[in-house]
**Q** 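This is the structure, below, for whatever I ask next.
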Amino acid sequence: MAIELYWGSGSPFAWRALLTLEWKQIPYTSKLINFSKGEHKAPGFIAMNPRGKVPVLKDGDVTLYETLAIMNYLDRKQPEPALFGRTPAEAAAIWREISECIYYFDLPAFTVIAPIFFGGVNEKADAMKAAAESLHGELARIEKILTTADWLAGARPSAADIWWYPETMLVERAGVNAAAQPLGLDLGSIAKRYPAIGRWRKRVETQPGCERTYPPHWKQAA
Ligand SMILES: N[C@@H](CCC(=O)N[C@@H](CS)C(=O)NCC(=O)O)C(=O)O
């Protein structure tokens with residue numbers, strides 16, 4: 001029975017699970033959840049993930065949620081290409097880059113993105129501007145890595161690239177949104193301001209499945 005992946009359009013977490021399947025070329029059945037219909041809160045979905053969040057992966061009797069758990073499961077299930085490193089040093093470098101994103105990028109990213117997409121820009125403008133400064137600091141850090149390296153952690157594409165790519169795309173999408181423009185956050189053209197990140201994104205996009213997994217509703221106007 002094929003693996004099933006429940007995902008939602010625009011979710012960076014779900015995109016990471018999809019990219020892991022694609023990069024490993026593991027066959028799967030795509031189960032696109034409609035957030036606006038509340039499908040992720042329906043009893044059948046809650047039975048798979050009590051938190052009502054995507055992604056969820058089903059592989060026969062195994063049902064998994066939490067993106068890193070899913071990515072690790074897939075890496076164990078099909079070890080090639082190895083996405084979490086082959087040596088202790090490679091694994092550590094990959095986990096460090098994932099941790100950098102989780103602990104230093106996620107919070108300012110959420111602080112900027114949430115009011116843009118869900119409302120409250122006027123009230124939260126000061127916090128958003130401060131968060132955007134933090135994001136620029138973090139983007140400058142990965143720009144520096146990518147100035148001398150093709151991939152974020154080591155010589156090969158890895159889970160670190162899968163982890164960062166969707167989130168930089170989401171931040172940029174928030175940055176071009178009309179609601180963001182009065183704040184001057186300068187997040188709408190990350191590839192232009194950070195050219196090494198721009199070149200890295202193009203490399204990521206040559207890996208399998210990037211276009212196929214691109215959030216469907218992003219293909220419409222921001
Ligand atoms: N820690 C979870 C986060 C997943 C998550 O936040 N998913 C969001 C989409 S980006 C979601 O499903 N939100 C729906 C909701 O919370 O109602 C993971 O790593 O999978």
Side-chain angles (χ1 to χ4, degrees), residues 3-24 26 28-59 62-77 83-84 94-120 131 135 138 152-153 158-177 180 187 204 209-210 212-220 222:
I3 286 178
E4 294 177 343
L5 199 279
Y6 294 79
W7 60 287
S9 182
S11 159
F13 292 97
W15 201 357
R16 291 163 177 149
L18 287 166
L19 288 175
T20 305
L21 285 160
E22 293 279 350
W23 286 23
K24 287 182 170 286
I26 297 174
Y28 66 98
T29 304
S30 159
K31 300 272 190 183
L32 178 58
I33 287 292
N34 189 328
F35 285 128
S36 54
K37 288 189 182 158
E39 288 175 1
H40 54 309
K41 304 298 176 193
F45 192 89
I46 295 293
M48 296 190 293
N49 180 356
R51 295 193 187 273
K53 291 180 189 290
V54 294
V56 167
L57 179 138
K58 259 177 85 65
D59 182 17
V62 177
T63 303
L64 289 173
Y65 56 91
E66 285 302 318
T67 307
L68 276 172
I70 292 170
M71 290 171 71
N72 273 273
Y73 175 82
L74 294 172
D75 202 54
R76 290 291 191 101
K77 191 175 168 85
L83 294 180
F84 286 89
I94 292 161
W95 280 109
R96 185 182 57 213
E97 267 317 311
I98 292 172
S99 301
E100 293 270 14
C101 185
I102 292 172
Y103 294 111
Y104 305 108
F105 198 78
D106 277 6
L107 180 58
F110 184 78
T111 304
V112 166
I113 291 165
I116 291 171
F117 292 139
F118 306 119
L135 292 179
E138 298 304 319
L152 278 170
S158 77
D161 303 290
I162 289 182
W163 199 262
W164 271 96
Y165 176 82
E167 198 149 327
T168 67
M169 297 294 281
L170 179 61
V171 165
E172 186 165 272
R173 186 169 164 85
V176 297
N177 189 290
L187 290 166
V204 169
C210 210
R212 203 172 18 252
T213 57
Y214 191 83
H217 81 279
W218 289 12
K219 292 173 185 160
Q220 297 138 31

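We count ligands from 1, going down the list as the structure has it; atoms in each ligand are counted the same way. Because the structure is predicted, anything quoted here is derived from the model rather than measured.
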**Q** Counting C-beta onward and ignoring hydrogens, is there a side-chain heavy-atom pair between Tyr65 and Lys53 closer than 4.5 Å?
**A** no
**Q** N/O of Val54 under 3.5 Å from N/O of ligand 1, yes or no?
**A**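 Checking ligand 1 against Val54, an N or O pair does fall under 3.5 Å apart.
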**Q** Is the gap between the ring centers of Trp7 and Phe13 under 6.0 Å?
**A** no
**Q** I'd like to check which ligand 1 atoms, numbered from 1 as shown, lie under 4.0 Å from a non-hydrogen atom of Pro12.
**A**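 Near Pro12, the atoms of ligand 1 are 10 (S).
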**Q** Going by the ring pair (Phe, Tyr, Trp, His ring centres under 6.0 Å) test, name the single residue among Trp218, Trp164, Trp163 that passes it with Trp15.
**A** Trp218
**Q** For the pair Asp59 (side chain) and Ile3 (backbone), establish whether a donor and an acceptor sit closer than 3.5 Å, ignoring hydrogens and angles.
**A** no
**Q** Less than 3.5 Å apart, any donor N or O on the side chain of Asn49 or Tyr6 sitting next to an acceptor on the other?
**A**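 On atom types as modelled, these side chains do not qualify, holding no pair under 3.5 Å.
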**Q** Pick, from Lys53, Lys41, Arg16, Glu167, the option with the minimum heavy-atom distance to atom 17 (O) of ligand 1.
**A**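 The option holding the nearest heavy atom is Lys41.
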**Q** Tell me: protein heavy atom nearest atom 1 (N) of ligand 1, and distance?
**A**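 Its nearest protein heavy-atom neighbour is Glu66 OE1, 2.8 Å.
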**Q** Considering only protein heavy atoms, which is closest to atom 20 (O) of ligand 1, and at what distance to one decimal place?
**A** Thr67 OG1, 2.7 Å
**Q** With sequence neighbours left out, what residues match Thr20 under side-chain hydrogen bond (donor to acceptor under 3.5 Å, both in side chains)?
**A**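 side-chain hydrogen bond (donor to acceptor under 3.5 Å, both in side chains) list for Thr20, sorted by chain: empty.
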**Q** Between Arg51 and ligand 1, find which residue part has any heavy-atom pair under 4.0 Å and reply side chain, backbone, both or neither.
**A**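 No part of Arg51 is near ligand 1 at this cut-off.
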**Q** I'd like to check which ligand 1 atoms, numbered from 1 as shown, lie under 4.0 Å from a non-hydrogen atom of His40.
**A** 14 (C), 15 (C), 17 (O)
**Q** Under 4.0 Å from a heavy atom of Pro55: which atoms of ligand 1 are those, numbered in the order shown and with their elements?
**A** 20 (O)
**Q** Please list, in number order, the atoms of ligand 1 under 4.0 Å from a heavy atom of Ser11.
**A**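 So the atoms of ligand 1 that pass are 9 (C), 10 (S).
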**Q** Tell me, please, which residues at least two apart from Phe35 pass ring-ring contact (aromatic ring centres under 6.0 Å, His included).
**A** His40
